[in-house]
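To keep things clear, I will list the structure first and then write my remarks on it.
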Amino acid sequence: MSGFISFAYQHDQLFAESVSLIDIANEFGTPCYVYSRAALTAAYQEFSRAFAGRDHLICYAVKANSNLAILNVLARLGSGFDIVSGGELQRVLKAGGNPRKIVFSGVGKNQEEMRAALAADILCFNIESEMELLRLNQIAQEMNKVAPVSLRVNPDVDAKTHPYISTGLKENKFGIPMAEAERIYHAARELSHVHITGLDCHIGSQLTEIDPFIEASNKMLNLLDRLESQGLHIAHLDLGGGLGIRYNQESPPSIKDYVAALCVTVGQRKQRILIEPGRSLVGNTGLLLTRVEYLKHAPHRNFAIVDAAMNDLMRPALYDAYHEILPVIKKAGAVSTYQVVGPVCETGDFIGHDRKLTLAKDDLLAVMSAGAYGMSMSSNYNTRPRAAEVMVDGDTVHLIRARETIEQLIASEKVLD
Ligand SMILES: *Cc1c(COP(=O)(O)O)cnc(C)c1O
């Protein structure tokens, strides 16, 4: 059970903090996302402690899990936020996040999103192209504001992760090419309604080695030193997110070692350090609780058909990602190898392949490490209402998102007159 600080067996029954998952399933139904407040707090504090005396800001990447309760717990701990849309801005503000701790990333910010973020007085726009910079300058001028900006520079570093979540190679759509960064910084300096505050990069997600982070940081620091020597003042260095977690056999660096390595690389420079962790803050603080509907024994394979599907947890279908699947009640009996699949009409609809489990109809299973990119990537495919979400805090369970209803799902649709 190592790695899951708040999910552990007590007398062969899996608990979230002090609450049995059986009780949660009985009260809230399945599928249901279950988060631990203690685990979330511990992860945030590990980041925050690792920075010790250094000027820093942890900007949680909201897209990993944007539930208001998650955002609120982090806001109370003093967290900042990395947003990628106007919708995420509204969520952070509604959850009590401080706009002066918000950075806005993303390659396609539209005009309304820029206006809303300028009106909220966010900390910084992470700019990903020259055209975006010019548009922001224009909109800021119309609003009689000055927009704080960082350029997101693409360091051309191989993050050695799944190609869909690698973002820092020169062929990726993200960031400004290193070779153009200096010119665009100087162009930005000439614009009347933007103010340069930082330098930013983000090279990918689920990185399990420290070297790519250091390589990217060194490239950023070279650029930073050149810009400063040319008279540009860079107040903060944003090194992005991307630290991996343990889903299966991975051994990513600890939060502490990762932060320490970044701090050593930055050295004596005076810039404030920003980071944008998503997965490493929330990934192992949540699980997806699901119930076995049917067992089906085909000639060469055994299927366990559960009530959670790819619309609830897309990562296996999208990236062939592995999630550990644990029985909520450990029991004796014959072990079989199961394909754990959902009810959706796609062969790609699986939660786990070749899992050795002792199963009967109606058993509960916990799909682990589902706190990041689980609910936030969920959909209504097959007209399936989205799952309920609960947060456990000691012996209390809070419903933080009610299960969707079919009525809600079709409410904005209309037939022809
Ligand atoms: C997704 C994203 C992150 C967070 O990545 P994790 O791997 O979840 O830490 C940080 N910054 C940007 C710009 C992102 O797009």
Side-chain angles (χ1 to χ4, degrees), residues 40 43-44 46-47 50 57-66 70-71 74 79-85 87-89 92 101-109 113 117 122-129 132 149-155 157 159-169 172-176 198-210 212-213 216-217 220 236-247 250 252-255 258-259 262 273-286 314-315 318-319 321 369-377:
L40 181 58
Y44 181 84
E46 191 177 346
F47 271 107
L57 182 64
I58 298 158
C59 294
Y60 166 61
V62 174
K63 73 178 193 287
N65 188 324
S66 54
I70 301 262
L71 302 180
L74 290 170
S79 185
F81 298 93
D82 171 42
I83 59 168
V84 292
S85 71
E88 288 189 353
L89 173 63
V92 172
K101 295 182 178 179
I102 296 177
V103 298
F104 192 172
S105 301
V107 292
K109 303 174 193 77
E113 290 174 325
I122 66 163
L123 177 65
C124 189
F125 291 82
N126 291 337
I127 297 293
E128 305 216 14
S129 66
E132 183 192 344
V149 298
S150 276
L151 297 193
R152 173 169 175 185
V153 175
N154 184 327
V157 164
K160 301 190 181 81
T161 181
H162 191 285
Y164 292 4
I165 50 176
S166 181
T167 58
L169 283 169
N172 298 137
K173 70 178 176 184
F174 299 97
I176 288 170
L199 171 59
D200 168 53
C201 71
H202 170 70
I203 59 172
S205 199
Q206 184 56 13
L207 274 70
T208 52
E209 292 168 39
I210 232 160
F213 288 116
S217 302
M220 290 297 122
H236 76 242
L237 176 62
D238 182 341
L239 293 171
L243 179 63
I245 62 169
R246 187 183 160 278
Y247 286 100
E250 306 93 333
S254 68
I255 290 171
Y258 158 77
V259 171
L262 294 184
I273 303 177
L274 269 59
I275 52 167
E276 305 167 347
R279 190 188 312 272
S280 54
L281 265 174
V282 295
N284 273 328
T285 69
M314 196 184 186
R315 298 188 66 262
L318 187 62
Y319 315 125
S369 309
Y373 306 105
M375 187 64 174
S376 66
M377 285 182 131

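What you are looking at is a predicted structure, and each value in this text was computed from that prediction instead of being measured. We're numbering straight along the sequence, starting at 1. Read the numbers this way: they start at 1 and go in the same order the structure lists the ligands and their atoms. As a basis for the values below, the full set of heavy atoms in this structure was taken, side chains included, without hydrogen atoms, waters or symmetry mates.
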N154 side chain to F174 main-chain N or O, any donor-acceptor pair under 3.5 Å?
yes
What distance do Y258 atom OH and S280 atom OG have between them, rounded to the nearest 0.5 Å?
7.0 Å
For D82, atoms of ligand 1 separated by under 4.0 Å from a heavy atom
10 (C), 11 (N), 12 (C), 13 (C)
Say whether, by atom type as modelled, one donor and one acceptor occur between the side chain of T161 and the main chain of S205 under 3.5 angstrom.
yes
Closer than 4.0 Å to some heavy atom of R152 - which atoms of ligand 1 meet that?
13 (C)
The side-chain contact (heavy atoms from CB on, under 4.5 Å) partner of L262 among L237, I275, I210 is I275
If you measure every N/O of S280 against every N/O of ligand 1, is any gap under 3.5 Å?
no
Does E88 pair with K63 as a salt bridge, N-O distance under 4.0 Å?
no
Taking the non-hydrogen atoms of V84, is any one of them nearer than 4.0 angstrom to ligand 1?
no
of all protein heavy atoms, closest to atom 2 (C) of ligand 1 is K63 NZ, 2.3 Å
With heavy atoms of E276 as the reference, note each atom of ligand 1 found under 4.0 Å away.
3 (C), 4 (C), 9 (O), 10 (C), 11 (N), 12 (C), 13 (C)
min-distance protein heavy atom vs atom 7 (O) of ligand 1 -> S205 OG, 2.3 Å
Does some non-hydrogen atom of G242 fall short of 4.0 Å from ligand 1?
yes
Going by heavy atoms, is Y373 under 4.0 Å from ligand 1?
yes
For V84 and F104, which heavy atoms make the closest approach, and how far apart are they?
C-CE2, 3.6 Å
Heteroatom proximity flag, G278 to ligand 1, N/O under 3.5 Å
yes
Per-atom filter on ligand 1: closer than 4.0 angstrom to a heavy atom of S105 are 13 (C)
At less than 4.0 angstrom from any non-hydrogen atom of A61, what atoms of ligand 1 do you find?
3 (C), 4 (C), 10 (C)
Within the 4.0 Å heavy-atom shell around R279, which atoms of ligand 1 are there?
6 (P), 8 (O), 9 (O)
With a 4.0 Å cut-off on heavy atoms, does P277 reach ligand 1?
yes
